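Single-structure report; data block below.
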Amino acid sequence: MTEYAFDPTHGTGPSGPAPITPMDDRETGEVFERIFFELRKVIVGQTRLLERMLVGVLCRGHCLLESVPGLAKTLAAETLANVVGGTFARIQFTPDLLPSDIVGTRIYRGSSETFDVEFGPVFVNFLLTDEINRAPAKVQSALLEVMAEQQVTIGGVTHPVPTPFFVVATQNPIESEGVYNLPDAQRDRFMMKITLDHPTADEEMAILDRMSVTAASPIPEQVISLDQLVELQTRADRVFVDRSVSQYAVDVVQCTRYPSRFNLADLDSIIGLGASPRATINLIRGARALAMLRGRTYATPQDVFDLAPEILRHRLLLTYDALARDVTSDQIVQRILATVPANWVSPKPNDAFERS
C-alpha cells in the first residue's frame with residue numbers, strides 16, 4: 001500500500017511546537033492532490049461534496065448530507081475513511097432503534113458474575129448514520145452527545161471515542177412518513193449541511209463506462225495515516241486569518257440576524273431567527289481548512305463566501321411568511337452574500353500560519 005512522504009512530526013521541537021513551515025514545501029499540497037486522486041478513483045463527480053467533507057474532517061466538524069437516494073453518500077464517506085486509514089461503520093437508523101444500539105451497553109456474564117461493556121458502532125473514526133431522521137429523538141440526542149463530547153458514558157464510566165472522530169449523517173428530503181425531523185438546536189451542531197444534485201449526463205456516462213470495464217469497484221489506496229491526519233488538522237488550525245476576513249464572517253452572520261442594518265429590510269419578515277455564533281466560528285474554521293486545501297497559508301473572504309451556503313442554510317429559521325412565499329434558506333443566503341461587502345487586505349508574506 002503506497003503512502004506519500006509526509007513527516008507527522010514536522011514542525012515540532014524539543015521545547016514544544018515550532019512554527020510550521022509554509023505549505024510551498026509541496027508536501028502538504030502533494031498529500032491533498034493524492035487524497036483527491038484516490039477519492040475520484042471511486043467517486044465520479046460530486047467534487048463539492050468531497051471538498052466539503054475533507055474540510056469538515058480538518059475542522060473536526062460533522063456533516064449533514066441531504067439528497068435523494070443513490071448519489072454515493074455512503075460510498076464517499078467509506079472511501080474517505082479508507083484513504084486516510086481510518087475505521088468506518090454505518091448505522092441504518094430505524095424507528096425502533098435504541099440509544100444502546102449505537103453507543104453500547106453493559107452485558108451481564110453469568111459465568112463470572114460480572115458486567116462487561118459491549119461498545120457500540122460509534123467507536124470508529126468515521127461514522128455514517130444513514131437516514132438520521134428515521135430514528136426517534138432519544139437516539140438522535142445520544143448521537144449528537146457523542147458528536148459534541150467525543151465520549152460515551154456506559155454504566156457510570158466514561159469511554160472516549162477514537163481520534164479523529166467524524167460523523168456523516170444523511171437524510172432523505174422526499175419522504176415525510178415515519179420520520180422524526182431534527183430539531184433546529186440539534187441541526188445547529190452540524191458544521192455543514194451539504195445538498196447533493198444528480199450527476200450530469202457526462203458524469204453518468206462515466207459511471208456506466210467504469211461499470212462496463214470491470215464488475216469490481218475500484219479500490220482506493222491509503223495515502224496518509226491517522227497520525228498524519230491529526231497533524232494536518234493542527235496545520236489547519238494555524239492558517240493565518242486576517243482581521244478583515246474575520247470581520248466579513250461576522251458581518252455575514254450579523255446580516256442573518258439584523259438584515260435591515262445591511263439594507264435588506266424585506267428579510268425581516270422572512271427570517272425568524274438568524275444564525276448562532278457557531279456559524280461564525282465554523283466559517284472561520286472552515287475558511288482555514290479550505291485555504292490549506294487550495295494551497296494557501298492564509299484565508300480570504302472568498303473562502304468564507306464559498307463555505308457560507310453549507311454553514312448557514314440549516315441555521316436559519318424561516319417564518320410562515322417565507323414558507324407561504326416559497327422562499328428557501330439558500331435564496332436568502334445568496335442575497336446576503338451578494339449584499340455584504342468584504343474589505344480585505346492581502347496579508348504580508350511573513351504572516352503565514354500566525355493566529356488571528
Side-chain angles (χ1 to χ4, degrees), residues 53 56-65 73-74 76-82 84-172 178-193 225-231 233-234 276 278 281-282 285 314:
M53 286 179 58
V57 172
L58 293 175
C59 296
R60 306 175 187 84
H62 307 285
C63 295
L64 178 63
L65 309 185
K73 299 184 292 295
T74 301
E78 185 176 7
T79 304
L80 180 58
N82 293 333
V84 301
T87 55
F88 174 82
R90 174 184 176 273
I91 306 176
Q92 177 64 54
F93 276 26
T94 57
D96 60 346
L97 203 66
L98 298 175
S100 59
D101 294 330
I102 64 172
V103 300
T105 187
R106 293 203 306 167
I107 298 178
Y108 181 72
R109 306 293 185 186
S111 57
S112 59
E113 297 184 350
T114 59
F115 285 93
D116 290 341
V117 175
E118 186 74 22
F119 292 117
V122 297
F123 285 88
V124 292
N125 299 117
F126 291 80
L127 178 66
L128 177 79
T129 58
D130 210 358
E131 294 187 292
I132 188 174
N133 53 342
R134 290 285 181 193
K138 59 183 179 180
V139 178
Q140 297 173 0
S141 299
L143 173 65
L144 293 170
E145 181 182 0
V146 181
M147 291 166 48
E149 305 298 334
Q150 307 284 294
Q151 62 185 23
V152 172
T153 301
I154 304 175
V157 179
T158 299
H159 306 275
V161 295
T163 301
F165 181 65
F166 180 59
V167 174
V168 177
T170 72
Q171 61 181 14
N172 188 341
V179 300
Y180 303 83
N181 292 327
L182 284 173
D184 297 314
Q186 293 185 0
R187 285 202 306 268
D188 190 57
R189 293 189 176 273
F190 285 95
M191 177 183 178
M192 290 183 284
K193 178 182 178 181
S225 67
L226 289 178
D227 290 337
Q228 293 165 343
L229 177 58
V230 172
E231 173 64 19
Q233 291 176 335
T234 303
S276 71
R278 282 199 187 104
I281 295 171
N282 287 324
R285 286 179 177 172
H314 60 296

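What you are looking at is a predicted structure, and each value in this text was computed from that prediction instead of being measured.
Contact annotation: the side chain of Gln233 never approaches that of Gln228 to less than 4.5 Å [non-hydrogen atoms, C-beta and beyond]. Looking at heavy atoms from C-beta onward, Arg106 lies out of side-chain contact with Glu118 at the 4.5 angstrom threshold. For the pair Val84/Phe126, a side-chain contact is recorded, criterion being any heavy-atom separation below 4.5 Å from C-beta on. No side-chain heavy atom of Val161 sits under 4.5 Å from any side-chain heavy atom of Gln151. Residues Arg60 and Pro164 are not in side-chain contact: their nearest non-hydrogen atoms beyond the backbone lie 4.5 Å or more apart. Side-chain contact between Val124 and Val122 is absent, with no heavy-atom pair separated by less than 4.5 Å.
In this structure, the separation between NZ on Lys73 and CD on Glu78 is 14.5 Å, given to the nearest 0.5 Å. In this structure, CD1 in Ile91 is found 5.5 Å from CD1 in Ile102, a value given to the nearest 0.5 Å. A distance of 10.5 Å separates NE2 of His62 from OG1 of Thr129, quoted to the nearest 0.5 Å. In this structure, the separation between CG on Leu128 and CG on Asp130 is 5.5 Å, given to the nearest 0.5 Å. Within the model, atoms CZ of Phe166 and CE of Met191 stand 9.0 Å from one another, a figure rounded to the nearest 0.5 Å. A distance of 12.0 Å separates CE of Met53 from CG of Leu58, quoted to the nearest 0.5 Å.
Annotation: Phe115 is in aromatic contact with Tyr108 [ring centroid separation under 6.0 Å]. Taking the six-membered ring where the residue is Trp, the centroids of His314 and Phe190 are separated by 6.0 Å or more.
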Walk me through whether Gln92 and Glu131 qualify under side-chain contact (heavy atoms from CB on, under 4.5 Å).
CA-CA 7 Å; Gln92 177 64 54; Glu131 294 187 292; 2.9 Å; yes

Are Gln171 and Leu64 close enough, and set up right, to give a side-chain contact (heavy atoms from CB on, under 4.5 Å), and what steps lead you there?
CA-CA 8 Å; Gln171 61 181 14; Leu64 178 63; 4.0 Å; yes

Yes or no on side-chain contact (heavy atoms from CB on, under 4.5 Å) for Phe119 and Val152, after CA distance, side-chain angles and deciding distance?
CA-CA 9 Å; Phe119 292 117; Val152 172; over 6 Å; no

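For the residue pair Pro121 and Ala89, the shortest heavy atom distance occurs at O-CB, 3.6 Å. Here the shortest heavy-atom pairing between Phe88 and Ala81 reads CB-CB, 3.9 Å.
With hydrogens and angles ignored, the 3.5 Å screen pairs a side-chain donor or acceptor of Asn125 with a backbone N or O of Thr87. Judged by distance alone, the side chain of Thr158 and the main-chain N or O of Thr153 form no donor-acceptor pair under 3.5 Å. Remark: side-chain polar atoms of Asn282 are paired, donor with acceptor, to backbone N or O of Arg278 under 3.5 angstrom.
In summary, the side chains of Asp96 and Thr94 do present a donor paired with an acceptor at a separation below 3.5 Å, with no hydrogens or angles considered.
By the 6.0 Å contact criterion, CZ on Arg189 is open, its count of non-hydrogen atoms from other residues, nucleotides or ligands being 12 or less.
The side-chain hydrogen bond (donor to acceptor under 3.5 Å, both in side chains) test applied to Thr105 returns no partner, not counting sequence neighbours.
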With a cut-off of 3.5 Å and sequence neighbours excluded, list every side-chain donor-acceptor pair involving residues 138-149.
residue	atom	partner	partner atom	Å
Gln140	NE2	Ile132	O	3.2
Gln140	NE2	Ala135	O	3.0
Gln140	NE2	Tyr180	O	2.9
Ser141	OG	Ala137	O	3.0
Ser141	OG	Gln186	NE2	3.2

